[in-house]
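Counting starts at 1 for both ligands and their atoms, in listed order. Quick caveat, the model's predicted, so the values are computed rather than measured. Nothing fancy with the numbering, it's 1 onward along the sequence.
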Amino acid sequence: MVGRANKPTALASTPGLAPQPQVSFSDDNSRVTAVLPTGESIEVLLYGATVISWKDKDGTEKLWLSEAAKLDGTKAVRGGIPLVFPVFGTASDHAQTSKLPQHGFARTSRWEFLGKSTSESTPASSTAADLSVKLDFGLSPAALDSDTKSKWPYVFNMIYSVTLSRDSLTTSLVVNNDDDKPFECQLLLHTYLRVQDISKVEIKGLSSATYIDKVNGSSSQQTQSSALTISGETDRVYTPATPPTDPVSVVEGGKTTFTVVRDNLSDVVVWNPWTEKANGLADFAPKEGYKNMLCIEPGSVVGWQTLEPGEAFEGAQTITISN
Ligand SMILES: O=P(O)(O)OC[C@H]1O[C@@H](O)[C@H](O)[C@@H](O)[C@@H]1O
């Protein structure tokens, strides 16, 4: 455990040198916040290691968080970036995870804050160094309740790293199998992006990708023919054929607002509940909020990752904003 502090603190600068701009930081034992000297900020709940806020230098929120989201640890957070592990949705036909609730237990477990670190980079366009901050969180069976442990009795260890830079947010999840038997898992970064007006949004980078449409319940694969627009309930699991480094971008009113680059995550879920589904979700508010959100969820959810004893799987996303 590193650096518990109740009041905001600034990370130390090098002794003997003029004081440098610093990252300010606070940890009140239920949420961790970090603010770059240039104004960008993030806030992460220990419950679920859920990123609940990401603001740019002007204080503009980039993630959508429901006004009715429970932040007290009684329910998975509706908004931000909940973590899905070890099962996406429910999987009654998959023996190892069949007893687990929807989207598994990572988003409803209390994670441990492991520590923070900063790094500097000098962009080509500037001589001043930019700071970024990385926050690390950990989860292992020790933090699970006995009911969850009985439903998923594997010894594992996960590290989730959240890195805030001036124009981007990277979230990276590493799963280690510390057991003496293999286990199978799925994982997903369930990112709720904030948009101004969903009717003006186009999602690019999925053209020619195959997908399963969960709204019509069909298990047959379809192929995306052009940029995707959202005009009704949308719940699709895409598996782009392109390398995962090819970005998925969100374009609003003709301007690219988010670019999502995946690392080692082959699938992308696109979800918007639209009117009826949003009405049915007690923690979704305001009910018109579906117009201001779009879930772009990089993951590994089609099929299963098998981890042998001692093996690890790492997947990450980097979301870049254009101002
Ligand atoms: O209400 P939950 O459990 O947070 O899930 C929200 C949505 O999450 C998406 O990832 C799923 O594809 C949807 O089917 C689901 O409705």
Centroid-centroid under 6.0 Å between Trp152 and Phe183 rings: yes
Contacts of type salt bridge (charged side-chain N to carboxylate O under 4.0 Å, His left out), residue Lys287, not counting sequence neighbours: none
Taking only distance into account, with no hydrogens and no angle test, what donor-acceptor pairs under 3.5 Å do side-chain atoms of residues 138-146 form with protein atoms, sequence neighbours excluded?
{"residue": "Asp145", "atom": "OD1", "partner": "Asp147", "partner atom": "N", "Å": "3.3"}
{"residue": "Asp145", "atom": "OD1", "partner": "Thr148", "partner atom": "N", "Å": "2.7"}
{"residue": "Asp145", "atom": "OD1", "partner": "Thr148", "partner atom": "OG1", "Å": "2.7"}

Which residues share a side-chain contact (heavy atoms from CB on, under 4.5 Å) with Pro286, sequence neighbours left out: Glu67
Polar side chain donor-acceptor pair, Thr33 to Ser26, under 3.5 angstrom: yes
Those protein residues which place at least one heavy atom below 4.0 Å from ligand 1: Arg78, Phe88, Gln102, His103, Arg107, His190, Lys214, Asp235, Val269, Trp271, Lys277, Glu297
Side-chain ion pair, Arg194 and Glu61, N-O less than 4.0 Å: no
